[in-house]
Number of protein chains: 2
Amino acid sequence: MALEKKIDCVILGLLSHEDLTGYEIKKRMDTTLRYFWGASYGSIYPTLSDLVSRGLAVKHDGTENGRTKIIYSITEDGRLYLKEWLKAPAEKDEMRYETLLKLFFGNEGGASQAISHINAFKDKIERELTYLLGAEDILKKNLDRDDTHKYYLLTAQFGIKTYRAYLEWCEEAKTMLCKGEE
Amino acid sequence: MALEKKIDCVILGLLSHEDLTGYEIKKRMDTTLRYFWGASYGSIYPTLSDLVSRGLAVKHDGTENGRTKIIYSITEDGRLYLKEWLKAPAEKDEMRYETLLKLFFGNEGGASQAISHINAFKDKIERELTYLLGAEDILKKNLDRDDTHKYYLLTAQFGIKTYRAYLEWCEEAKTMLCKGEE
DNA sequence: AGATTATATATCATAGTGATATATTTGTCA
DNA sequence: TGACAAATATATCACTATGATATATAATCT
């Protein structure tokens with residue numbers, strides 16, 4: 001029933017912490033947020049214009065090293081809008097795992113193909129886990145600096161927990177598939 | 001780089017097991033597949049027409065209890081198309097968890113609000129876990145009947161593993177947030 | 001000097017959602 | 001047995017978001 005577009009809320013959320021350019025927002029999406037949310041340029045730039053026209057953000061031109069950029073800040077109205085959205089219960093948590101999909105139809109391709117999908121998945125998750133453990137370390141060291149770090153840490157730890165569970169499952173799944181191969 | 005639309009592949013995957021109507025496909029999506037993939041009527045019906053026009057599926061009218069329905073079957077070309085897609089490595093596994101998003105920006109709303117988001121998440125996951133454990137039980141009993149059940153079981157066990165990890169995280173996250181509240 | 005990578009903004013065709021409309025049949029329960 | 005709700009079944013549409021691409025400048029590497 002909520003009328004808030006997610007992309008509006010994510011961008012306002014990021015702007016509630018610091019002023020950012022569209023490019024910087026995309027970088028946050030691809031690093032910090034990518035474990036549970038994504039966004040593309042095709043939604044970021046139009047949304048920024050839209051937020052400005054609705055008075056939820058303001059833009060001002062900046063120059064850094066001769067390069068010009070457009071820096072966006074959240075307004076008081078934007079902060080109110082964000083808080084309203086944060087109050088409302090989460091509407092949807094969903095996974096979209098192509099690996100699982102290929103595994104579900106795995107009988108069509110056979111066990112060895114399924115195992116190679118699991119191995120590729122495992123490699124990817126191991127890499128992500130290494131990154132997240134590094135992030136956790138840094139966040140723990142900065143916990144008392146700023147209250148926001150506590151919440152960042154929480155989401156990083158969610159990723160660590162689930163990725164470890166994934167890795168356990170990978171081993172069990174491979175064992176089960178190998179048993180069938182004999 | 002792969003040109004296959006996911007929705008084409010999911011539907012062909014389902015049709016590779018049994019003939020289905022659009023309505024039945026939607027039901028599979030909302031029950032068996034919902035833990036790792038979703039699809040709406042708005043993509044299912046147009047895709048079915050499209051698959052027929054490309055020769056990857058055929059439709060035939062059926063009647064059951066006086067009610068008419070359109071039943072779709074996969075063709076040999078459709079099966080080939082599916083197998084090609086299954087061979088290719090998975091391109092994207094992504095989570096889109098609004099709960100995590102609200103938690104990431106949690107400082108704006110405060111600890112008690114964050115805790116109620118976690119509690120709602122926990123309740124939802126507990127319900128899903130109960131369902132998945134029931135499904136696992138049934139699948140285990142039918143393991144020797146049909147090879148496809150092995151792959152279904154694998155994906156159910158993925159869900160069980162991860163949901164248990166989520167529940168562990170919920171407790172730890174709440175503990176951490178309560179500590180800050182004192 | 002030349003090439004590559006990073007910064008920065010923007011647009012567009014296409015994919016997919018969520019809501020809604022429509023109609024029939026089955027089940028419930030008073 | 002009549003009324004009403006729920007399930008079955010198909011379809012469409014406005015809107016949201018992606019992924020690819022285009023363009024241009026600054027920094028870095030060799």
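Reminder, nothing fancy here: chain letters follow the sequence lines and each chain counts from 1.
Taking every heavy atom of residues 14-31 of chain B and every atom of DNA chain D, pairs under 4.0 Å involve T21(B), G22(B), Y23(B), K27(B), by number. For the contact set between residues 35-42 of chain B and DNA chain C, defined by any heavy atom under 4.0 Å, the members are G38(B), A39(B), S40(B), G42(B).
With sequence neighbours left out, the salt bridge (Lys or Arg N to Asp or Glu O under 4.0 Å) criterion links R67(A) to no other residue. Judged as a side chain to side chain contact (heavy atoms under 4.5 Å, CB included), and not counting sequence neighbours, S49(A) has no contacts. Residues satisfying the side chain to side chain contact (heavy atoms under 4.5 Å, CB included) test with A165(B), not counting sequence neighbours, are A165(A). Looking at residues two or more places apart in sequence or on another chain, you find a salt bridge (Lys or Arg N to Asp or Glu O under 4.0 Å) between E24(A) and K69(A). Judged as a salt bridge (Lys or Arg N to Asp or Glu O under 4.0 Å), and not counting sequence neighbours, the contacts of K26(B) are D30(B).
For the pair K5(A) NZ and dT17(C) C1', the computed distance is 14 Å after rounding to whole Å. Atom CG in L48(B) sits about 12 Å away from atom C1' in dA9(D), given to the nearest Å. To the nearest angstrom, C1' of dA15(C) lies 10 Å from CD1 of I7(B). Put simply, CD1 on I44(B) is 16 Å from C1' on dC13(D), counting in whole angstrom units. Look at NZ on K69(B): it is 11 Å from P on dT26(C), rounded to the nearest Å. With rounding to whole Å, E91(A) atom CD is found 13 Å from dT16(D) atom P. The OH atom of Y45(A) sits 17 Å away from the P atom of dT23(D) (whole-angstrom rounding). Atom CD in E4(A) sits roughly 12 Å away from atom P in dA17(D) (whole-Å rounding).
Between Y152(B) and F104(A), the angle of the ring planes stays under 30°, which puts this pair in the parallel group of the 30/60° scheme.
Pairs of residues two or more places apart, or lying in two chains, that qualify as salt bridge (charged side-chain N to carboxylate O under 4.0 Å, His left out) and include a residue from residues 50-63 of chain A are D8(A)-R54(A), D50(A)-R54(A). Residues in residues 43-71 of chain A take part in these ring pair (Phe, Tyr, Trp, His ring centres under 6.0 Å) pairs, two or more places apart or across chains: Y41(A)-Y45(A). Sorted by first and then second residue, the pairs that involve residues 103-115 of chain B and meet salt bridge (charged side-chain N to carboxylate O under 4.0 Å, His left out), not counting sequence neighbours, are R79(A)-E108(B).
Nucleic acid contact class of K92(B) (heavy atoms, under 4.0 Å, all strands): sugar-phosphate only.
Distances shown here put a side-chain N or O of R96(B) below 4.0 Å from the OP1 or OP2 atom of dT18(D).
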Without placing hydrogens or testing angles, list every side-chain donor-acceptor pair under 3.5 Å for residues 130-140 of chain B, not counting sequence neighbours.
unit_1, atom_1, unit_2, atom_2, d
T130(B), OG1, E126(B), O, 2.9
E136(B), OE2, Q157(B), NE2, 3.2
D137(B), OD2, K141(B), NZ, 3.2

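Distance alone, capped at 3.5 Å, places no donor-acceptor pair between the K161(A) side chain and the C170(B) backbone.
Comparing R67(A) and T68(B) against DNA chain D, the residue whose closest nucleotide sits nearer the 5' end is T68(B).
In the helix from dA1(C)-dT30(D) to dA30(C)-dT1(D), the rotation axis of the first five pairs and that of the last five pairs differ in direction by 40°, rounded to 10 degrees.
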